[in-house]
Structures are given as C-alpha cells and as structure tokens.
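In this chain, numbering begins with 1 at the start of the sequence shown.
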Amino acid sequence: MMQAGQDFTATFSVDRTPHEAFEAIANVRGWWSQEVEGLTDQVGGEFDYHYKDVHRCTIRVTELVPGRKVAWLVLAATSAAACGT
C-alpha cells in the first residue's frame with residue numbers, strides 16, 4: 001500500500017516512435033475499454049472508468065505533452081490506495 005503523498009510512476013520501452021506511443025497511451029478508450037465517460041484528451045479534463053461492478057475510478061488529465069508525456073491523477077477509486085496517485 002502506498003503512503004500518503006507518494007507518487008506512482010511507470011516507465012517502459014516499446015518498439016515504436018514517441019508519437020506512436022503517445023497516441024496509443026493517450027487513446028484511453030482504445031486500450032481501457034469503451035466504459036469511459038468524460039474528457040480524456042485535454043489537460044484538466046476528467047473521466048470516469050468502470051469495469052463491471054469490480055472497479056470504478058475518476059481520473060483527471062494533468063499533463064499531455066505530445067510525443068513525450070501523459071499524466072493522470074486518480075481522484076476517486078474503489079481502491080483507496082489508488083487515490084491521489
């Protein structure tokens with residue numbers, strides 16, 4: 001479990017251009033599912049995601065730097081440990 005005030009960062013390499021990787025990651029509906037409601041493609045946008053009755057979360061887009069970075073903040077989730085990451 002994460003301590004309050006800690007961030008979670010994941011980094012990995014793929015055999016794609018930075019533009020291709022950014023486009024794939026930023027396409028939330030394309031890799032999570034169609035169970036997404038809200039704005040996923042602009043900074044400050046918020047979206048809700050759910051998977052059946054197992055998982056629900058509300059996420060804010062905090063950074064979008066084309067070809068470089070996508071960052072989100074979990075505002076609410078069924079897992080309390082995810083909130084604030």
Open item on the list: Less than 4.5 Å apart, side chain to side chain, heavy atoms only: is that true for H55 and Y49?
Closed with: yes
- [ ] Taking side chain to side chain donor-acceptor pair (under 3.5 Å) as the test, write out the residues that go with E46, two or more places apart.
- [x] R60
Open item on the list: Applying side chain to side chain donor-acceptor pair (under 3.5 Å), can you list everything that pairs with T62, at least two apart in sequence or on another chain?
Closed with: none
Task: Euclidean distance, I25 CD1 relative to L64 CG, rounded to 0.5 Å - done: 11.0 Å
Task: P18 versus G67, closest heavy-atom pair with distance - done: CB-O, 3.2 Å
Open item on the list: My understanding is that only residues two or more places apart in sequence, or in another chain, count here; which of them pass side chain to side chain donor-acceptor pair (under 3.5 Å) with N27?
Closed with: none
Open item on the list: Counting only heavy atoms not in E37 (residues, nucleotides, ligands), do more than 12 fall under 6.0 Å from its CD?
Closed with: no
Task: Spatial distance of atom CG (L75) from atom OG1 (T58) [nearest 0.5 Å] - done: 6.5 Å
Open item on the list: Once salt bridge (Lys or Arg N to Asp or Glu O under 4.0 Å) is applied, what residue pairs with a partner in residues 67-78 remain, sequence neighbours excluded?
Closed with: E63-K69
TODO: List in chain and number order the residues that pass side chain to side chain donor-acceptor pair (under 3.5 Å) with E35, two or more places apart in sequence or in another chain; answer none if no residue qualifies.
DONE: H50
- [ ] Treat each ILVMFWY residue as a node, draw an edge where side-chain heavy atoms are under 4.5 Å apart, and state whether V43 and V70 are in one component.
- [x] yes
Task: Residue pair F22, V65: steps toward the side-chain contact (heavy atoms from CB on, under 4.5 Å) verdict - done: CA-CA 9 Å; F22 176 86; V65 182; 5.6 Å; no
Open item on the list: In the structure I gave you, are the side-chain heavy atoms of V61 and F47 within less than 4.5 Å of one another anywhere?
Closed with: yes
TODO: Please name all residues satisfying side chain to side chain contact (heavy atoms under 4.5 Å, CB included) with E20, sequence neighbours left out, ordered by chain then number.
DONE: R16, T17
Open item on the list: Can you give me the closest heavy-atom contact between W32 and I59, atom names plus distance?
Closed with: CH2-CD1, 3.4 Å
